[in-house]
Amino acid sequence: MESDEEGIYDVESDASINYNSSDDGIYSEGENTAHGEANDFMDEPTSYKCLTSDQIFNYMMKVVDEVNAILQLPPHITCILLNHFKWDKEKLMERYYEGDQDKIFEEAQTINPFRLKGKVVSSNTNNITSFSMQSTKRPLTTQEVCDICYLPSQHMNGLQCGHFFCIDCWNEYLRIKIIDEGQGQKIACPANDCNILTDYETILSLLRGSDIKTKYHQRLTDGFVMSHHLMKWCPSPGCSVVVKVTTAGTRNVTCICGHAFCFHCLQPIHEPVRCPLLKKWLRKCNDDSETAHWISANTKECPKCRATIEKNGGCNHMICQNKSCKFDFCWICLSAWSPHGSSWYNCNRYDANDSVAARTAQEKSRAALNRYLFYCDRYMNHRQSLELEHKLYSKIKFKMEEMQQHNMSWIEVQFLKKAVDILCKCRNTLKYTYVFAFYLRSNNQATIFEANQKDLEMATERLSEYLERDVTTDELSNIKQKVQDKAKYCEGRCEALLRHVYEGYDMDLWEYLDE
Amino acid sequence: MANISISRVKREFAEVVKSEEAKRCGICIKMLNENNFTKLLGEITGPPDTPYEGGKFLVDIEIPDSYPFNPPKMKFITRIWHPNISSVTGAICLDILKDNWAAALTLRTVLMSLQVLLSAAEPDDPQDAVVAKQYNENIHLFMKTARHWSEAYAKARPIKTQDFHEKVRKLSETGFSDDSCRTALSKSGWDEQRGMETLLDS
Ligand SMILES: [Zn+2]
Ligand SMILES: [Zn+2]
Ligand SMILES: [Zn+2]
Ligand SMILES: [Zn+2]
Ligand SMILES: [Zn+2]
Ligand SMILES: [Zn+2]
């Protein structure tokens, strides 16, 4: 059903925004394809579209029109019928031509417009819209008392069921249904014991205010979007964009609002870990409030002088702010920073020998907790760094302006923003490598994975440190080369790690610990 | 929009006062404070041929700001023995006070529905499990208990459950309040021994 829809409605031509039209995405995946590198684990930017609520409404209406070419009903009635059949066109047609049409209208909670023919006097009889609600507006001369507010009104409106209410009451009723209850397609007539559903044409003609109309458009398309397995609402709060993928395999998408998420589970992009494992991890983190408390601390003590140090940048290389101490240490393991710069950087790996040493059951459970805390702490650290990295964008922007004043063009200074993009992507990947590692049973491949993780972590910290500290002091002439080298290296490490993990998935190399 | 809510309640109020039907059925609405249309008091007369006959049942009515688009909040103030009304809190299980509320319904129609509920309980959708169990298992005992509660709390006359009043009086000599004794006995099928145990357990 999906594939033929593509052909018929051709939304790509007018009703879509191309991913590439936006350049504020944090994860600039376009870069990867531009290099033409083979990276089958990345989703092509062209494999999805972002549709605004108006576009999705138009798309929905195209489906309605398509069905209507056959059914010949007023579009707002067809819309109610289609929604009743969960947007399964074939099922609606089959039932419609099978026989009992009145029963279909009744089930769908609407009124068969053919039953009303001749009954309704309309000023607008020349086309199909004569069925619509406008025709049920009563003549303006009579004043009637509204059954809701009990006040006389000249503006009485109602659905085909014949229950009339004043325009103020309609608006208040619809506001509660649309805004407070988040309803759209399933708003019934306010009369007692009447289950006739409102149609979009009536509602749009009654609603006052563009905000509520926009909201209504969104809610109206909910059923349509949910019934379509290649479309999902962007989960970012307040965002009303629908992401539509071309194939069910598409995983990582970036909404035009900038929010990057996993199309399958709606969590933020979580490479390389897969959705079920992530879900398990998130549940574990939520369950463990005590440890969550333990890891949420944003401050640590200097391991040497015990001065309290607050982390205010993403870099894990800390320098104690106590002027007489100035100890260089690693935020993650709290040991001296100096070995971290060299190749025996060992901060990413939990020493399994420690847990082997655990003898009694109590020690074992403590070892299990320590193991969890070890991975959780690293996960939280990268998460926190990632949040702080967003400060870096404004810092870098400042630097870019400065460089433009020194004879560099706008295009030439974009390398800095790209470097921060890469930094964020690497941090995000690192964050989830600790989730993956937590569930991973050690084997040869796991050892290779840990080595890749270590390399990526080291490369990321170097890039982070450079962008955060040295870029402000270094000679302008040196910066570009250094940033590009470090970023490119980082990106290479990240791709290597991801490729290895994805190959492992394909070849079934990963073994998991039962938890 | 509070102004729809207030103008609507004012109108309804005037309508109930005039309504012949309301008078005939023994339904009225009172204001608790002058010019306060958010806290009202409803009164329902127990319908004939039911254990509630002749009783006066007071109902607490709270009008939300979003009235009439959302239902009024109602609960019984007068204690009542009924499967769809909590014998402890007076909370009511009635569809039109929840999902099936419609803006065109009124306080009067809700009170009349409550009156109908008193004549025709719906034990399959119970609010009070103990009462519903008794209703299903021993309808005769349920009727008599409900009558007794109406006499004790809703001033229903004539007194038809003298033996129950006597049991409550005897049990209350232990120092427990009449209300606690009545509840304990009602929940124990009016067995004095079990009633005493229920009292001590609670
Ligand atoms: Zn009105
Ligand atoms: Zn209606
Ligand atoms: Zn979005
Ligand atoms: Zn996912
Ligand atoms: Zn220090
Ligand atoms: Zn470390």
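These numbers were taken from a predicted model, which means no experiment stands behind them. Heavy-atom basis, side chains included; hydrogens, waters and symmetry copies ignored. To find a chain, count down the sequence lines: A is the first, B the second, and so on, and within it residues start at 1.
In this structure, A:K215 places its NZ atom where only 12 or fewer heavy-atom neighbours from other residues, nucleotides or ligands lie under 6.0 Å away. More than 12 non-hydrogen atoms from other residues, nucleotides or ligands lie less than 6.0 angstrom from CD of B:E62. The neighbour count for B:K75 NZ, taken as heavy atoms of other residues, nucleotides or ligands under 6.0 Å away, does not exceed 12. Around NZ of A:K213, the count of heavy atoms belonging to other residues, nucleotides or ligands within 6.0 Å exceeds 12.
Across all their heavy atoms, B:A104 and A:A191 have their closest contact at CB-CA, 4.3 Å. Here the closest non-hydrogen pair linking A:E181 and B:N70 is OE2-OD1, 4.1 Å.
Heavy atoms of A:I176 lying under 4.5 Å from chain B belong exclusively to its side chain. For A:C169, the parts lying near chain B are the backbone and the side chain together; criterion is any non-hydrogen pair under 4.5 Å.
Between B:N100 atom CG and A:D193 atom CG the span is 7.5 Å, to the nearest 0.5 Å. With rounding to the nearest 0.5 Å, the separation of OG1 in B:T106 from CD1 in A:I148 is 12.5 Å.
Checking side-chain atoms of B:R11 against main-chain N and O of A:C149 turns up no donor-acceptor pair under 3.5 Å.
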